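Both backbone and side-chain heavy atoms feed into the values below; hydrogens, waters and symmetry mates do not. We name chains A, B, ... by the order of the sequence lines, and we start the count at 1 in each one. Here the structure is a predicted model, which means the values were calculated and not measured.
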There are 2 protein chains.
Amino acid sequence: MSEGRKRQARVLKGFRDYLPEQMILRQRIIGIARDIFERHGFEPLDTPALEYLEVLTGKAGENEQLMYHFEDAGGREVGLRYDLTVPLARVVAMHQNELVFPFKRYHIAPVWRADNPQRGRFREFWQCDADIAGSASPLADAEVIAIMAEVLEAVGLPEFTIRISHRRLLESLGRAAGIADDRSPLLYRAIDKIDKIGPEGVARELQAAGVTAQQANRMLDLVTKRGEPLSLLEELRGELHDVPGAAEAIAELEQLFGALPDFGIAPHRYTLDLALARGLDYYTGPVFEASVIEPNVGSVGGAGRYDGLVGAFLGRPVPATGMSLGLERIIEIVREHGLMPLPASVAEVSLVVFPETMGAAARLASTLREQGLKVDLSLQPNRDVGDQLKLADRKGIPIAVILGSSELAAGTATLKNLKSGDQSVVALNDLAEAIHNALRGGATTTQASMTRMEPQTMGAQ
Amino acid sequence: MSEGRKRQARVLKGFRDYLPEQMILRQRIIGIARDIFERHGFEPLDTPALEYLEVLTGKAGENEQLMYHFEDAGGREVGLRYDLTVPLARVVAMHQNELVFPFKRYHIAPVWRADNPQRGRFREFWQCDADIAGSASPLADAEVIAIMAEVLEAVGLPEFTIRISHRRLLESLGRAAGIADDRSPLLYRAIDKIDKIGPEGVARELQAAGVTAQQANRMLDLVTKRGEPLSLLEELRGELHDVPGAAEAIAELEQLFGALPDFGIAPHRYTLDLALARGLDYYTGPVFEASVIEPNVGSVGGAGRYDGLVGAFLGRPVPATGMSLGLERIIEIVREHGLMPLPASVAEVSLVVFPETMGAAARLASTLREQGLKVDLSLQPNRDVGDQLKLADRKGIPIAVILGSSELAAGTATLKNLKSGDQSVVALNDLAEAIHNALRGGATTTQASMTRMEPQTMGAQ
């Protein structure tokens, strides 16, 4: 059935295969996130990879430019989703009568962007989002920030901080500096670069766009103010008392910072950073971003309140807030820094077989599986024991069970720890317990054991 | 931030949103399959949704015709994967030095086919595959059949059968009937329709393609033979003793049927059905298909051995076998027949709040979560208790906890079963246990309880 012609096996640039060892880590981290989302009562949601182009167009700025889109065979203009927020907005609009609000949902799924591939940037990558639609309360912002902190703690990131700011407060600071409201998008984009280009860089960028030096400096003075969040907000309340919009934004932030401790976030995990703007245009309230400080790898997640987006499909505003974890970056940090040592194989036991014991081995494998073990049954009774053991070890399976015919006759099997080389003979009735014990790091040796017996002595070959 | 212009919210024909209640069932069934795959030591794998068109072209016949494909912004011809088998073949070719063979992998992921949408057929649907690459042994076929049976049992399908046949045996039967080998594809396709169009229909179709009436009838006599698998194979061994290829195929099936009981499959779960051909051209050995008999919904999974496909990328044959579960159909059967009653919400408890107790409620929610509970914290302290309870009930959350300020002062909370209406006052220290008990179906009432107390009497409103 071979084709004769050999086809070239390759993957597109910016796309990746996840081999078993990588998948085991990915699934573990995704499982941790999912568990935390569900503990907060967030419901799972999934949406199509392909959407009408029209649905994906009009809100997400730069990300939208990177969309994969084409005309399908039926002449419809379609696109691959580039985030999970626009699909959420569409779902809320289409299913508003089936959903109960506030609607708390999570969505863990791949998205696609035809970005220029570079280290840590891919054209297919997974997003991991938790959002609340239908609540304008800063308590909703506090809850999604809390969830973000819990996930980052749970995956073992040693040192991270969540910086928090507020779009409308930033707008007010602009007003206080004498910068016109229609310059806000420019202002956000310039301020957002402060970590990269420094205050002088931001000042130059603002002046190049027609902001005066005095305005730029005043703005920089304001956004670089530091302090304990509630004191700093108190100070700003005085300073901005006559700036339209400032009081409301400050009150929202006060409520948010007041709630964070009750939501279980340690004070050293968050800060008020007025220079945080975030790129996307659609934010309307609190914005937040988590960064890992040690190792210094930058942003690992963030988001904020976007009260306009969901309403774009409904024709009326629907308040919404949420957060998106930088799943790919988190996985990379955990892997690179060995924060979560995991086995290379899902299998816990390899069952080595002989022609004479193949049937009994298959039955034994079923029994061990019923006792909660993950058993890789060797399907190669005609290969010698050494080869079968070598393959199990190469796969990364920690334990082997060897079932020879004379042992089988005696109701026993040999248990071998493939890391230490220790082995012992165990009664079949005690086998599952002995394996569980060995997996917990205990010795493979049991009372009835005869250690260091070579498999070659065990009959049937 | 609203756009002014309202965008139309709709999904493409053949695509679906999975709302929380559907996702809870999907995730449960996918979790069951994954758990069984891992118990058999099958490793997780994932591959890109988009592949080079060239990679996806040339092997999978009809499915390939339905591919979504387009030219990307870089001028590359690309396509969305339409199955998980072709990507496996590519992975094996590209990563042959990193993988250990036999390579047992599972892959649960969406695929896309621009098929004509109809009841139960979608353009985006999930596949759930388990395959073994690098083993020519019928033991490998037996293991994937066993896995299929275990998953179908575990999701609670009441009555199903796995029909098993062999492509090369079918070919031999064709030879025995005097039909030329180059007619094999035609033969498979005609025979495969026997359930739909009956033996007469198959005979007509064969004759229309130039097979004589005598040949067609002889073929139909052969493929409709029934019997206990090993006896029937013995009978065929005699009948086909001078037909090239027959003896080898029969020997493989004998080994397969001989192994199935050891792999834990009950005899009533499988049968030798020589009229099973399966549509795809790439099968080269045993083929199998699981059908649900009661309710009579037809195929819920299948596959077989395909020794040529993986090698198409390598230029040398790599034996491979596997199975694909009809996940969408299984989910639909389970849902429609109520085989797996599940809650409509992941949240187990709704925590009802008051302005005065908001902070304490957030802290209580954290404590309950640490004790393993899934807690939806109401973010609406200013709505009245009745409204908050109504929302929790509409979401499908079974239990509510009401934390009023006088109760809080007394170190208690009210526990309310939203199904039965029963309620009781419980000490905060005993709350997690009382909720766990109520979730297990026990009464919400505890020793310290005062039942039927109205929430209105509990202070703070």
Do B/L19 and A/D46 have side chains that approach each other closer than 4.5 Å (heavy atoms only, starting at C-beta)?
no
Counting only heavy atoms closer than 4.5 Å, note whether B/K104 contacts chain A via side chain, backbone, both or neither.
side chain
Answer with side chain, backbone, both or neither: which region of B/A109 has an atom nearer than 4.5 Å to a non-hydrogen atom of chain A?
neither
Close side-chain approach of B/E124 and A/L50, heavy atoms under 4.5 Å
no
Going by atom types only, do B/S345 and A/E43 share a side-chain donor-acceptor pair under 3.5 Å?
yes
Below 4.5 Å, heavy atoms only, C-beta onward: do A/Q380 and B/S135 meet side chain to side chain?
no
Do B/E21 and A/E98 make a side-chain contact, defined as non-hydrogen atoms from C-beta onward lying under 4.5 Å apart?
no
Has the side chain of B/R39 got a donor or acceptor atom that lies under 3.5 Å from a matching backbone atom of A/R369?
yes
Cut-off 4.5 Å, heavy atoms of chain B, and the answer for A/A136 is neither
Tell me, do B/D72 and A/Y68 make a side-chain contact under 4.5 Å, heavy atoms counted?
yes
Interface moiety of B/I36 toward chain A, non-hydrogen atoms closer than 4.5 Å:
neither
Part of B/P110 lying under 4.5 Å from any heavy atom of chain A
neither
With a 4.5 angstrom heavy-atom cut-off, is it the side chain or the backbone of A/A49 that approaches chain B, or both, or neither?
both
Interface moiety of A/H40 toward chain B, non-hydrogen atoms closer than 4.5 Å
both
Against chain A, label B/A140 side chain, backbone, both or neither, depending on which of its atoms sit under 4.5 Å from a heavy atom there.
both
Which bit of A/F42 is near chain B, if near means a heavy-atom gap under 4.5 Å: side chain, backbone, both or neither?
backbone
Are A/R16 and B/T47 side-chain neighbours, meaning at least one heavy-atom pair lies under 4.5 Å?
no
